Structure formats: structure tokens, C-alpha cells
Amino acid sequence: MNRKKLGQAMATLNREAALTMQDFSVSACTDITGFGFLGHLAEMVVDSGVGVRIRSAAVPVHREALEWAAMGLIPAGAYNNRTFREKFVSFAQDIPQRIQDVLFDPQTSGGLLIAVAAEEASDLLKALIDQGILDPAIVGEVVAAPEEMILVE
Amino acid sequence: MEELNCRGLACPRPVLQLKEMFEKGTPAAVSVIVDNEAAKENVSRFLEH
């Protein structure tokens, strides 16, 4: 297990990322904590009038988390998160169970999920990389339809 | 058939007990009794794994 990287992820504050995004056209932002990635994303999508398409392979996940999820080491909170928000989430048929489980998993270290103007996304990504932010990634896009749904591909 | 009583155990423990059992040798059949939904889901995932 890569303890050093796990420790680094948990000890990283959002200060640098938050300061970096201030130079960009950010329309929404949340920190991913106990409701899991999809739970917090659902909070952004509900009543927004738009939908979101997520490329699950692009979402940064610790390799060990996937191994443990596959083994059934999933906290009860992940199932509660799923029950709470599953009506807003549609998984493509080929998304494995372990990926679905980690995307609802409450075991996160509070990284930021930022909605930014599409034409600025790659510049923001580059700025985050330049700041040394751990594993920043473009994980999806806002779409006009289906409204208020998260499509996970 | 071997039986594992996991009543009263919270989420990771039924899976860890099952893992311990499998490390000693894979039983031909096992019955696991749990009393909460998360444990049921987790044990099912472990056995499919």
C-alpha cells in the first residue's frame, strides 16, 4: 500500500486549489466529503436545470480503495448515500459494481469538485497541476439534458 | 455446510471474519447470518469476488 500518498492526500488542504480557481469562471464548487462523490455532485445538480456526464475512469481514486470495495469492505454510509441519491444517478451498463460503490463512498479526504466554464477547464487544470495539487482531473461535463441527472459512463 | 454467525456485527467485521475463514481453507458451502443491510451487501460482494 502506498501509505505516503494516502497520507499526503488526507493531509492536503483545499487552500491552494481554492485560491487557484479564483482566477477562473467558476459557477459552483463543493468539497467531496461524507455524501461521497456522487452525493455531493447530486447536491449541485438538483434544482440546477442541467445534467452532468461523468467519465468514471477519469475520477481520481486510490487503487487500494477499488480493491477493498471489490472485496466488500464498504461502509454502511456508502449504501445510505446511494439510497439517498440514486434517483439522480444513471450508470452505464458497463460500469463495474466496485466503481459504483467507490463513487458513493463517504471515505474521502474532502477534495474540491469545481464547475468551471468549459473553455477554461484545461487552463484551470494546468494551473492546478502547476500549483502541485494532487491528481487534479477533468472528470466530466455539464449537459443540457437529461435535466438534473448524473450520467456515469 | 459451515455457518458463520455475524449477528450484531457492524459493516467491515462480517467480511473480515469471512476472509479469515477463507484464509484457513475455502469451504464447500458457507452460510453467513447478518442482521443489517450493509453487511448483507458486503458479504455478497466478498463471496462474488
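Everything numeric in this text was worked out from a predicted model, so none of it was measured. In the text below, chain A, chain B and the rest are named by the order of the sequence lines, each starting its count at 1.
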Query raised in the report: Is it true that A/L151 and A/V50 fall in one hydrophobic cluster, defined by side-chain heavy atoms closer than 4.5 Å?
Result: no
Query raised in the report: Is A/F88 reachable from A/L113 through a run of hydrophobic residues whose side-chain heavy atoms are each under 4.5 Å from the next?
Result: no
Query raised in the report: Around atom CZ of A/F35, are there more than 12 heavy atoms of other residues, nucleotides or ligands at under 6.0 Å?
Result: no
Query raised in the report: B/V34, B/L47: one ILVMFWY side-chain cluster at the under-4.5 Å cut-off?
Result: yes
Query raised in the report: Which distance, rounded to the nearest 0.5 Å, do you find between the CD1 of A/I74 and the CD of B/E41?
Result: 8.5 Å
Report task. Please name the pair of heavy atoms, one in B/L16 and one in A/L73, separated by the smallest distance, quoted to 0.1 Å. Result -> CD2-CD2, 4.0 Å
Query raised in the report: Do you know which two heavy atoms are closest between B/C11 and A/P75, and how far apart they sit?
Result: SG-CA, 3.8 Å
Query raised in the report: Could you give the distance from CZ (A/R98) to NE2 (B/H49), rounded to the nearest 0.5 Å?
Result: 9.0 Å
**Report entry** ILVMFWY cluster, A/L125 and A/V139 together (side-chain gap under 4.5 Å)
**Finding:** no
Query raised in the report: Side chain, backbone, both or neither: which part of A/D101 has a heavy atom under 4.5 Å from chain B?
Result: side chain
Query - Which atom of A/M71 lies closest to which atom of B/V15, heavy atoms considered - result: O-CG1, 3.7 Å
